2 protein chains.
Amino acid sequence: MANAKNDYPELLLENQLCFPLYACSKEIIRRYRPFLGELELTYTQYLVMLVLWERQSLSSKELGQALYLDSGTLTPVLKKLEEKGLLSRRRSGDDERNLIVSISEAGEELKHRAAHVPQSLASCVKLDADEARELYRLLYKFLGSL
Amino acid sequence: MANAKNDYPELLLENQLCFPLYACSKEIIRRYRPFLGELELTYTQYLVMLVLWERQSLSSKELGQALYLDSGTLTPVLKKLEEKGLLSRRRSGDDERNLIVSISEAGEELKHRAAHVPQSLASCVKLDADEARELYRLLYKFLGSL
DNA sequence: GATAATTCAATTGTGCGCAATTGGATTTTG
DNA sequence: CAAAATCCAATTGCGCACAATTGAATTATC
């Protein structure tokens, strides 16, 4: 039998760029879990709140574009956040197809309790500032190129 | 009301390192889908096969360590790959707790059909070789630091 | 060598993530 | 303006991903 290590080197796990992306993404989300647990948010719910803390009100479609999520994922997440009282959902008057998502008072309050999360996470990561910036730049370049 | 853009700049989506990681990971997996669909593999199943093409036989635990996956995820994936005839599952004689996963003939055959996948994917990505290498290095450094 | 602690895969339950479809609203076209 | 095409959220179905638990096998401790 041919040496399995060498017949298709491009198929070695260590030669994939996708795998460390996938693994890093999962591991970083795992690190968020304890901090987000205190806020009773999942990671996806946290991403939605990040957008709402910034924009206050926007359509479901815009939210999906910002987060790379489709309605199949967003619809149940938004319903759950509405049940928690963190946002409201209503149809647009201009165009009944559009769902307008707006942050609530309780949602705004939560922002203060979430303010420490990014710093808490940063302390888990052992990249210096230059490397973090370069990683950030390359990830966005990569994302833009896809 | 305070300017929502400025009261907690660390909570801006664009200031998160986690988000482009999460988005890149999902987008790259999306790009794999059509190619893996031809092989009737999901992305997770593909990762398992990458390891088996390299190692031929290893325990479920070792597989989980290589891919950062636990038994709750791996057990059903391995059963499905066994149903497809791509691998076999048996208990270790040494230690009945361990499940030994071994690639089958059909699994080895599939490797030839998968050989073009990495190149097909690379052509979707508009990073030059130096940048891809640097991204790879930073991701593994990041992963190691977590 | 009995018992306690540990190590496994498997199971259960929850929450995405997404392709595909549905059905209502709106826009485009003839 | 009526029919067709498009656009939207919602739904459905499937496959992870993972925390927590279970139960069997093994190892460590007394």
Side-chain angles (χ1 to χ4, degrees), chain A residues 18-19 21-34 36-37 40-49 58-84 87-101, chain B residues 18-19 21-34 36-37 40-49 58-84 87-101:
Chain A
C18 62
F19 175 66
L21 267 171
Y22 163 84
C24 277
S25 174
K26 288 193 309 171
E27 286 302 307
I28 192 76
I29 291 171
R30 183 199 307 278
R31 296 312 168 107
Y32 271 96
R33 225 177 303 273
L36 297 182
E40 294 179 276
L41 291 177
T42 64
Y43 182 72
T44 310
Q45 291 169 4
Y46 174 66
L47 289 181
V48 169
M49 294 311 298
L58 75 175
S59 75
S60 173
K61 182 179 169 58
E62 291 170 314
L63 197 49
Q65 287 169 342
L67 298 177
Y68 296 80
L69 292 173
D70 75 357
S71 68
T73 300
L74 271 182
T75 296
V77 170
L78 294 177
K79 284 184 176 175
K80 205 156 292 177
L81 288 171
E82 187 179 42
E83 282 172 27
K84 288 182 204 270
L87 56 77
S88 65
R89 297 158 67 250
R90 65 183 168 79
R91 291 288 165 179
S92 165
D94 289 353
D95 186 335
E96 288 285 337
R97 290 172 302 183
N98 282 300
L99 185 77
I100 306 297
V101 179
Chain B
C18 62
F19 175 67
L21 267 171
Y22 163 85
C24 277
S25 174
K26 287 193 309 173
E27 286 303 305
I28 192 77
I29 290 171
R30 183 200 307 277
R31 297 311 169 108
Y32 271 96
R33 226 177 303 272
L36 297 182
E40 294 179 277
L41 291 177
T42 65
Y43 182 72
T44 310
Q45 290 169 4
Y46 174 66
L47 290 181
V48 170
M49 294 310 298
L58 75 175
S59 74
S60 172
K61 181 179 171 57
E62 291 170 314
L63 196 50
Q65 286 169 343
L67 298 177
Y68 296 80
L69 292 173
D70 75 358
S71 68
T73 301
L74 271 180
T75 296
V77 170
L78 294 177
K79 284 182 177 175
K80 205 157 292 176
L81 288 171
E82 187 179 42
E83 281 171 27
K84 288 181 204 269
L87 56 77
S88 65
R89 297 158 67 249
R90 66 183 166 78
R91 292 288 165 180
S92 165
D94 288 353
D95 186 335
E96 288 284 336
R97 289 171 306 183
N98 283 300
L99 185 76
I100 307 297
V101 180

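Keep in mind that this is a model prediction, so the values were computed, not measured. Convention: sequence-line order gives letters A, B, ...; per-chain numbering from 1.
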Exercise. Return the set of residues passing side-chain hydrogen bond (donor to acceptor under 3.5 Å, both in side chains) with B:S88 (not counting sequence neighbours), or none when no residue passes.
Key: none
Practice problem: Determine to 10° how strongly the helix from C:dG1-D:dC30 to C:dG30-D:dC1 is bent, judged from the axes of its five-pair ends. | Solution: 20°
Practice problem: Using modelled atom types only, decide if a donor and an acceptor are shared between the side chain of A:K84 and the backbone of A:E40 within a distance under 3.5 Å. | Solution: yes
Self-check item: Contacting residues from residues 67-76 of chain B, given that a heavy atom lies under 4.0 angstrom of DNA chain C
Solution: B:S71, B:G72, B:T75
Self-check item: Gap separating the CE atom of B:M49 from the CG atom of B:L36, nearest 0.5 angstrom
Solution: 12.0 Å
Quiz item: Is there a side-chain contact between B:V48 and B:L74, using heavy atoms and a 4.5 Å cut-off?
Solution: yes
Quiz item: Roughly, in whole Å, what's the span from OH in B:Y22 to C1' in C:dC18?
Solution: 11 Å
Quiz item: Does A:K26 place a side-chain N or O at less than 4.0 Å from the phosphate oxygens OP1/OP2 of C:dC16?
Solution: no
Quiz item: Any side-chain N or O of B:R89 less than 4.0 Å from the OP1 or OP2 oxygen of C:dA10?
Solution: yes
Output a table of nitrogen or oxygen pairs between the protein and nucleotides 3-8 of chain C separated by less than 3.5 Å.
| from | atom 1 | to | atom 2 | distance (Å) |
| --- | --- | --- | --- | --- |
| C:dT7 | O4' | B:R97 | NH1 | 3.4 |
| C:dT7 | O2 | B:R97 | NH1 | 3.0 |
| C:dC8 | OP2 | B:K61 | NZ | 2.9 |

Exercise. Send over the distance from A:K79 NZ to C:dT14 P, rounded to a whole Å.
Key: 18 Å
Practice problem: Assign each of B:S92 and B:Q45 to its nearest nucleotide of DNA chain D by heavy atoms, then name whichever residue's nucleotide is nearer the 5' end. | Solution: B:Q45
Quiz item: How long is the line joining CG of A:L36 and C1' of C:dC16, in whole Å?
Solution: 14 Å
Quiz item: For the atom pair SG (B:C24) and CZ (B:F19), what is the distance rounded to the nearest 0.5 Å?
Solution: 9.5 Å
Quiz item: Can you name the nearest heavy-atom pair linking B:P34 to B:R31, along with the distance?
Solution: CD-O, 3.4 Å
Practice problem: Identify, between A:D95 and A:E27, the residue whose nearest nucleotide on DNA chain D lies closer to the 5' end. | Solution: A:D95
Quiz item: Expressed in angstrom and rounded to an integer, what is the separation of B:L63 atom CG from C:dA10 atom P?
Solution: 12 Å
Quiz item: CG/A:L47 to CG/A:L41 distance, rounded to the nearest 0.5 angstrom?
Solution: 10.0 Å
Quiz item: Can you tell me how far OG1 of A:T42 sits from CG of A:L81, rounded to the nearest 0.5 angstrom?
Solution: 7.5 Å
Exercise. Rounded to the nearest angstrom, tell me the gap between atom CD in A:Q65 and atom P in C:dC18.
Key: 14 Å
Practice problem: Could you state the atom-to-atom distance from OH of A:Y43 to P of C:dC16 in whole Å? | Solution: 13 Å
Quiz prompt | A:R89: partners by salt bridge (charged side-chain N to carboxylate O under 4.0 Å, His left out), with sequence neighbours left out | solution = A:E82
Without placing hydrogens or testing angles, list every side-chain donor-acceptor pair under 3.5 Å for residues 63-71 of chain A, not counting sequence neighbours.
| from | atom 1 | to | atom 2 | distance (Å) |
| --- | --- | --- | --- | --- |
| A:D70 | OD1 | A:G72 | N | 3.1 |
| A:D70 | OD1 | A:T73 | N | 3.1 |

Exercise. Kindly compute the distance separating CD1 (A:I28) from OG (B:S25), expressed to the nearest 0.5 Å.
Key: 13.0 Å
Quiz prompt | 5' precedence on DNA chain C between A:G93 and A:K80 (nearest-nucleotide basis) | solution = A:K80
Quiz item: Hey, where on DNA chain D does chain B first and last touch, going 5' to 3'? Cut-off is any atom under 4.0 Å from a heavy atom.
Solution: D:dG15 to D:dT26
Quiz item: Hey, which of these two, A:D94 or A:L47, hits DNA chain C nearer its 5' end, going by closest nucleotide?
Solution: A:L47
Donor-acceptor pairs under 3.5 Å, side chain of residues 91-101 of chain A to any protein atom, not counting sequence neighbours: which ones?
| from | atom 1 | to | atom 2 | distance (Å) |
| --- | --- | --- | --- | --- |
| A:R91 | NH1 | A:R97 | O | 2.9 |
| A:S92 | OG | A:D94 | N | 3.1 |
| A:S92 | OG | A:D95 | N | 3.2 |
| A:D95 | OD1 | A:R97 | N | 3.0 |
| A:D95 | OD1 | A:R97 | NE | 3.0 |
| A:D95 | OD2 | A:R97 | NE | 3.2 |
| A:D95 | OD2 | A:R97 | NH2 | 2.6 |

Practice problem: Would you please name every residue forming a salt bridge (charged side-chain N to carboxylate O under 4.0 Å, His left out) with A:R30, sequence neighbours left out? | Solution: A:E27
Exercise. With sequence neighbours left out, write down each residue that passes ring pair (Phe, Tyr, Trp, His ring centres under 6.0 Å) with A:Y46, or none if nothing qualifies.
Key: A:Y32
Self-check item: A:E96 side chain, from C-beta outward: closest of C:dC16, C:dT11, C:dT26
Solution: C:dT26
